[in-house]
Amino acid sequence: MAAHNLGTELDLSWISKVQVNHPAVLRRAQQVQARRTVKKEWQAAWLLKAVTFIDLTTLSGDDTSSNVQRLCYKAKYPIREDLLKALNMHDKDITTAAVCVYPARVCDAVRALKAAGCNIPVASVATGFPAGQTHLKTRLEEIRLAVEDGASEIDVVINRSLVLTGQWEALYDEIRQFRKACGEAHLKTILATGELGSLTNVYKASMIAMMAGSDFIKTSTGKETVNATFPVAIVMLRAIRDFFWKTGNKIGFKPAGGIRSAKDALAWLSLIKEELGDEWLKPELFRIGASTLLSDIERQIYHHVTGRYAAYHDLPMS
Amino acid sequence: MAAATRTAPRAREIFTTLEYGPAPESHACALAWLDTQDRHLGHYVNGKWLKPEHRNSVPCQDPITGENLASCLQAQAEDVAAAVEAARTALENWSTLPGARRAQHLTRLAKMIQKHQRLLWTLESLVTGRAVREVRDRDVPLAQQLLQYHAVQAHTQEEALAGWEPMGVIGLIVPPTFSFLEMMWRICPALAVGCTVVVLVPPASPAPLLLAQLAGELGSFPGILNVISGPTSLGPVLASQPGVQKVAFCGAVEGGLRLLIQESVWDETMTRLQARMGRLRVGRGLDGAVDMGARGAAARDLAQRYVREAQSQGAQVFQAGDVPSDSPFYPPTLISDLPPASPCAQTEVPWPLVVASPFRTAKEALAVANGTPRGGSASVWSERLGQALELGYGLRMGIVWINAHGLRDPAVPTGGCKESGSSWHGGPDGLYEYLQPSGTPARQPSLSENLNYDTFGLAVPSTLPAGPETGPSPAPPYGLFVGGRFQAPGARSSRPIQDSHGNLHGYVAEGGAKDIRGAVEAAHQAAPGWVGQSPGARAALLGALAAALERRESALAARLERHGVELKVAKAEVELSVRRLRAWGARAQAQGHTLQVAELRGPVLRLREPLGVLAIVCPDEWPLLAFVSLLAPALAHGNTVVLVPSGTCPIPALEVCQDVATLLPAGLVNVVTGDRDHLTRCMALHQDVQALWYFGSVQGSQFVEWASAGNLKPVWVNRGLPRAWDQDAEGAGPELGLRAAQTKALWLPMGD
């Protein structure tokens, strides 16, 4: 993975004057979905590419080592071998980008991936996921323990109360400390946009998170009532672009929550392509947090290759 | 397990590049439909295809490939006559149906379009080269919504539009580049209120023909929608057909744009704009993943010429996007640094060009935006709502979108002002375009060939002293009432006014071109102050004027009596005039309203705005009542006025001016007496008169209509027909209120 984002000094002038034009964002969100489509080989290739962006995720109370192991195996072999062969893609080593689990399951995931003989990174959520309503001390400790267990990416949630009360310096400081606690691990900062109140807050929080050294900014935990939506994504992507124009640093983007169909995945890819350009279309800079998306992609690939729709039992479960 | 049966050789490559591929939309059904006509399209008249022999035909080509799709017959005068005849026959039944039946029919047509929507959108995109997405996702659904909305209007017509009747056969002329949707905006209200339509489409436009066929295949009421294709030169033929009550013109599809950017954000906006333009994809219209199609070689040449010229005049040109290099594609183009005085800056910007220029303050932006003869639509982009609203209210445009662009809805009136035309479609305003007050006599299509436009009202016959001034004192007021006081006329001559016995009643000033110019100037100066008044304040002033008239009742009645009006009737005329002033003051309080539009978060404000400087030529009859009946609605709606009072009896109007002088702001009302034809000529040819009402002779009406084409000011003429000014329907009906103001739709999407 690319080098870390070292962040910048806190510069509140970058956010103080910003006012997001809500109706305009909604309109752009509508357009960008309707104006791009890919068909045939293009669709198949794009879908395979989408697989490589997936943070294959399980974040349930009933996760155990067995279903985490199954998940890891699916991460290594996301698409049936014969389908890849038919597309002449079997030698491209297509795996998902990462496996994403709760801190307590990091050990299971690391072990399972090792057994499968691959170096897919393990991402762990942390800092009191999903609400973040625990003491800073325990939140930091949680990061350190996950890193110790072998997680190389940490998905932290921000303290929403700091955003809602406009305490941007405090937010910057907290994320700075998360960054430090991560050490060598990558910091992916979840903004939980569904709980930030307005798109202007989304922009400001994005900017603060990037200034504080996040390698990725991520839309949501998947546990809020509103998850990854296009309008929110456009605001975050514009913040990433502005940060890039100001500092030259490319920050990654990860939508998560509610992305279930292959069609959705294609729309997200074209959104990134339109808003940030092709340079962002690589796992170092773009991830999709999803659990069920992969099986729909596999079904579509199956259909592309065979001309038939797959039966439930035709594709291995994850 | 199914075996792998198909392979994708390119997948590997695409996996690396992640490029977009072609996403062709099949147009097989459009071709199949053309095949049903043997690739030979005629006209669709009276529910049948009409393919007369011995006509020229023009090819209908794919604008991208140049491939011949079909040949289209060119209509001749007799084909136009046949179409109008069919519409006239259909009108007899259609216009007398209960609104509910018409509603049912329009709903059926909406469903018919729904059933054949793929055919419609592929055909339109194939022939015009426009992006299929635009037609499929916007035009086709909107066409259905238009029919459904107007079906509802037809349903409630008897109740909501009592006192109005359909005009009759409507002729519709559409320009060479247009969308079938523009046609729908006009035919839906026309059909809904009970009119029938003949549309003259430019050659090689199959989509309107398809729509006519869909309407025809509903079976009942063939002939309500007839489409003939032919050159625009057939327009006058269509207009002069007996029975054609109105001819409407369609707007063209959106052209290029002018963009005004505040200097403080100029650099950043341009950077972002250019970045965004770089992502635009241009390609065949029938591709599902393009932003822009092509509009044929002619449009490309026009754009290219403009760009070259702009460059030679010193402009910066930025072009970007994923664009095929071959004709007829043309990249989206951003032009900046175009000197405002250069010839290019004055002309209309062709598609797909945007000309950007900077401004310093919102006030300046407003001046620049309003400083063009066009007044169609504009959008305002700003995060500061207060500022955006101020611009929205200040722009002289038919539609203003705040933080949005191009939104349309059947319930929102859409139109323009200045040279963008003064007709409305959509909403209630659109319905009135095709209605007339019940009992209006049919329009006589025969224009007088003998009227000489060059000499009409040019010279004023000289007037001489007309012998002994007799009659009651005090002497009538003398002079032109301009800028709040009585002034001597520029020509320094007067005309005698005789009473009903042929005796001299008095002299009035002989006004001329310079006096009209002065009056219009005074009216313009008074306009900002009067527009800024609240309707309540205006009503109060009209009330004060009414009270003054009441006090003057006996004097006014005496003046009228000298002109042969029985004293009792004269008194009634004064009383009615007083009532009119009060009534309009009250009515103007209820102006405009808020519309709620489906799928839009936020309101649309329907504003009723003053026309500006309104010139009114009053009829000879009812010298006081007609004068007041016309003045009151004009003032109540915020206009400033220049009036020519009754020619035979101008004195009561001048009497009223004595009160106007003390009660109303100077310049708000200006009254110019003199030769009516001459003054009419001066006002009609004045480019800065925003609207003109004429009540006089047939020739005068014809002249006004002809001359007003110079700035496309809205006109209202009586064609020499008398009007019952003492009846509420004609003297104070809603028609006056409609004519006295223009509509603006202000879209206000909301959200934080």
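Because the structure is a prediction, the values reported are computed rather than measured.
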J.: Using a cut-off of under 4.5 Å on heavy-atom pairs, state which of A/His313, A/Arg35, A/Lys39 scores highest against chain B.
T.: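 It is A/Arg35.
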
J.: Would one find more than 12 heavy atoms of other residues, nucleotides or ligands at under 6.0 Å from atom CD of B/Glu390?
T.: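 Result for CD/B/Glu390: open.
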
J.: Is B/Arg281 close to chain A through its backbone or its side chain, or both, or neither, when contacts mean heavy atoms under 4.5 Å?
T.: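 Its backbone and side chain both get close to chain A.
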
J.: I need the minimum non-hydrogen distance between A/Asp91 and B/Arg12, along with the two atoms involved.
T.: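 Closest heavy-atom pair between A/Asp91 and B/Arg12: OD1-NH1, 2.8 Å.
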
J.: Within a radius of less than 6.0 Å around NZ of A/Lys263, do more than 12 heavy atoms belonging to other residues, nucleotides or ligands occur?
T.: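 Counting neighbours around NZ of A/Lys263, 12 or fewer heavy atoms of other residues, nucleotides or ligands fall under 6.0 Å, so no.
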
J.: Could you tell me whether a side-chain N or O of B/Arg10 sits under 3.5 Å from a main-chain N or O of A/Ala45, the two making a donor and an acceptor?
T.: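 Flag not set: sc B/Arg10 to bb A/Ala45 has no pair under 3.5 Å.
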
J.: Which of these passes side chain to side chain contact (heavy atoms under 4.5 Å, CB included) with B/Phe15: A/Leu47, A/Asn88, A/Ile94, A/Leu87?
T.: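 Exactly one candidate clears the test, A/Ile94.
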
J.: I need the A/Leu26 CG to B/Arg601 CZ distance, nearest 0.5 Å.
T.: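 Reported to 0.5 Å precision, the distance equals 6.5 Å.
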
J.: Is the number of heavy atoms from other residues, nucleotides or ligands under 6.0 Å of A/Tyr73 OH greater than 12?
T.: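 No, OH of A/Tyr73 has 12 or fewer neighbouring heavy atoms, counting only those of other groups under 6.0 Å.
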
J.: Are any side-chain N or O atoms of A/Lys273 and backbone N or O atoms of B/Leu18, one a donor and one an acceptor, separated by less than 3.5 Å?
T.: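 A pair under 3.5 Å: yes.
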
J.: Output the option from B/Asn403, B/Asp287, B/Thr17 having the highest count of non-hydrogen pairs under 4.5 Å with chain A.
T.: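 So the answer, after comparing B/Asn403, B/Asp287, B/Thr17, is B/Asn403.
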
J.: Hey, is CD on B/Gln274 packed in by over 12 heavy atoms from elsewhere, all under 6.0 Å?
T.: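 Count over threshold, so yes.
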
J.: Please confirm whether the ring centroid of A/Trp46 lies under 6.0 Å from the ring centroid of B/Tyr20.
T.: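 Yes - the distance between ring centres of A/Trp46 and B/Tyr20 falls below the 6.0 Å cut-off.
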
J.: Counting C-beta onward and ignoring hydrogens, is there a side-chain heavy-atom pair between A/Asp278 and B/Glu19 closer than 4.5 Å?
T.: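 A side-chain contact under 4.5 Å is absent here.
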
J.: Please rank A/Gln31, A/Arg36, A/Glu275, A/His22 by heavy-atom pairs under 4.5 Å with chain B and give me the top one.
T.: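 Among the listed options, the one with the most contacts to chain B is A/Arg36.
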
J.: How far does OG1 of B/Thr271 sit from CH2 of A/Trp245, to the nearest 0.5 angstrom?
T.: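 CH2 of A/Trp245 is found 6.5 Å from OG1 of B/Thr271.
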
J.: Between A/Thr37 and chain B, which part of the residue has a heavy atom less than 4.5 Å away: side chain, backbone, both or neither?
T.: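 It is both, since atoms from each part get that close.
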
J.: What verdict does the side-chain contact (heavy atoms from CB on, under 4.5 Å) test give for B/Thr16 and A/Lys49, after you've listed the backbone C-alpha separation in whole Å, the side-chain angles of each residue and the deciding distance to 0.1 Å?
T.: CA-CA 8 Å; B/Thr16 320; A/Lys49 194 74 181 184; 6.0 Å; no

J.: Which bit of B/Asp291 is near chain A, if near means a heavy-atom gap under 4.5 Å: side chain, backbone, both or neither?
T.: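 It is both, since atoms from each part get that close.
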
J.: Calculate, to the nearest 0.5 Å, the distance between atoms CD1 and CG belonging to B/Ile402 and A/Asn21 respectively.
T.: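 Result: 10.5 Å between the selected atoms.
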
J.: Start with the C-alpha distance between B/Glu383 and A/Thr200, add both sets of side-chain angles, then the distance that settles side-chain contact (heavy atoms from CB on, under 4.5 Å), and finish with yes or no.
T.: CA-CA 11 Å; B/Glu383 291 103 31; A/Thr200 303; over 6 Å; no

J.: For the side chain of B/Arg279 and the backbone of A/Glu274, is there at least one donor-acceptor N/O pair under 3.5 Å apart?
T.: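 Between the backbone of A/Glu274 and the side chain of B/Arg279 there is a qualifying donor-acceptor contact (under 3.5 Å).
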
J.: What part of B/Ala275 is in contact with chain A, defined as an atom under 4.5 angstrom from a non-hydrogen atom: side chain, backbone, both or neither?
T.: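 For B/Ala275, the contact with chain A is made by the side chain alone.
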
J.: Which bit of A/Ser270 is near chain B, if near means a heavy-atom gap under 4.5 Å: side chain, backbone, both or neither?
T.: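 Answer is both: backbone and side chain atoms of A/Ser270 are under 4.5 Å from chain B.
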
J.: Considering all heavy atoms of both residues, which atom of A/Arg27 and which atom of B/His405 are nearest to each other, and what is their separation?
T.: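 Closest approach of A/Arg27 to B/His405: NH2-O, 2.6 Å.
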
